[in-house]
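First the structure, in the form of structure tokens, and then the observations on it.
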Amino acid sequence: GNSVTQMEGPVTLSEEAFLTINCTYTATGYPSLFWYVQYPGEGLQLLLKATKADDKGSNKGFEATYRKETTSFHLEKGSVQVSDSAVYFCALSDSGGGADGLTFGKGTHLIIQP
Amino acid sequence: DAGITQSPRHKVTETGTPVTLRCHQTENHRYMYWYRQDPGHGLRLIHYSYGVKDTDKGEVSDGYSVSRSKTEDFLLTLESATSSQTSVYFCATSTGGGTEAFFGQGTRLTVV
């Protein structure tokens, strides 16, 4: 079956530091990959996505590249802000047309200190 | 936003009572999902629907049932609530085929 593994944290960084959150996956087919962000008390919001190998998703200064050879989709940002403090989820979706939704990692709690 | 509304947003209920959570969408998405979020577990799929009256079980379906009588509404019922079902429940929708899911704001359920 499909699975997603990501560092759980909490990850604590100072403002303007470089961020990497690792994500690796196991899938039987050719999945689409996603990063979601959850701010306190809210639902999940799509941050970025990539649908095929070597695609780079980007949004709000965050980037992630779909690496099929290493089955990875690491999230990066060059200079984090206090407002980036949130929980980040890596997820995959079976592009083969399966109806059974996204498979999520356990989430990484990111804390940015001023 | 996909226009997903969950109700209620918060609920406290007693052990052994039935509870129904509602998800309503305005985007006409074919697929709808119920997840629960717990510390250390991330999001786990409870049930999903691939059309009106078409539903199937997810990873953690024991003790839960669902119904979808209209495209826009997906109900989750805890038949007899237990303390282990204290959680935050999220509804999501998608158009399928490997696309992203859109999430509601969540329902915090406490079973005492």
**Item:** For chain B, the option from A:Q6, A:H109, A:Q38 that forms the most heavy-atom pairs under 4.5 Å
**Value:** A:Q38
**Prompt:** For the atom pair CD (B:Q37) and CZ (A:F104), what is the distance rounded to the nearest 0.5 Å?
**Reply:** 9.5 Å
**Item:** Region of A:L46 in contact with chain B, defined by heavy-atom distances below 4.5 Å
**Value:** side chain
**Message:** Side-chain heavy atoms nearer than 4.5 Å, only ILVMFWY residues, links allowed to pass through others: does that put B:L45 and B:M32 together?
**Reply:** no
**Request:** Assess whether side-chain contact (heavy atoms from CB on, under 4.5 Å) is satisfied between A:L102 and B:Y33, documenting all intermediate values.
**Result:** CA-CA 9 Å; A:L102 273 65; B:Y33 310 91; 6.0 Å; no
**Request:** Answer yes or no: does atom CD of A:E69 have more than 12 heavy-atom neighbours from other residues, nucleotides or ligands under 6.0 Å?
**Result:** yes
**Request:** Treat each ILVMFWY residue as a node, draw an edge where side-chain heavy atoms are under 4.5 Å apart, and state whether A:V11 and A:F73 are in one component.
**Result:** yes
Which atom pairs, one a donor and one an acceptor, fall under 3.5 Å between side chains of residues 100-108 of chain B and the rest of the protein, sequence neighbours left out?
unit_1, atom_1, unit_2, atom_2, d
B:E100, OE1, A:K49, NZ, 2.9
B:E100, OE2, A:K49, NZ, 3.3
B:T107, OG1, B:Q6, NE2, 3.4
B:T107, OG1, B:P8, O, 2.6

**Asked** Between B:V88, B:T99, B:D38, which has the largest tally of heavy atom pairs under 4.5 Å with chain A?
**Response** B:T99
**Message:** Hydrophobic clustering (ILVMFWY, side-chain heavy atoms < 4.5 Å, transitive) - are B:L109 and B:L43 grouped together?
**Reply:** no
**Asked** If you count heavy-atom pairs under 4.5 Å between each of B:G58, B:A92, B:G42, B:S94 and chain A, which one has the most?
**Response** B:G42
**Prompt:** Contact part of B:R9 toward chain A, heavy-atom cut-off under 4.5 Å: side chain, backbone, both or neither?
**Reply:** side chain
**Message:** Checking A:S85 now: which residues fulfil side chain to side chain contact (heavy atoms under 4.5 Å, CB included) with it, not counting sequence neighbours?
**Reply:** A:I112
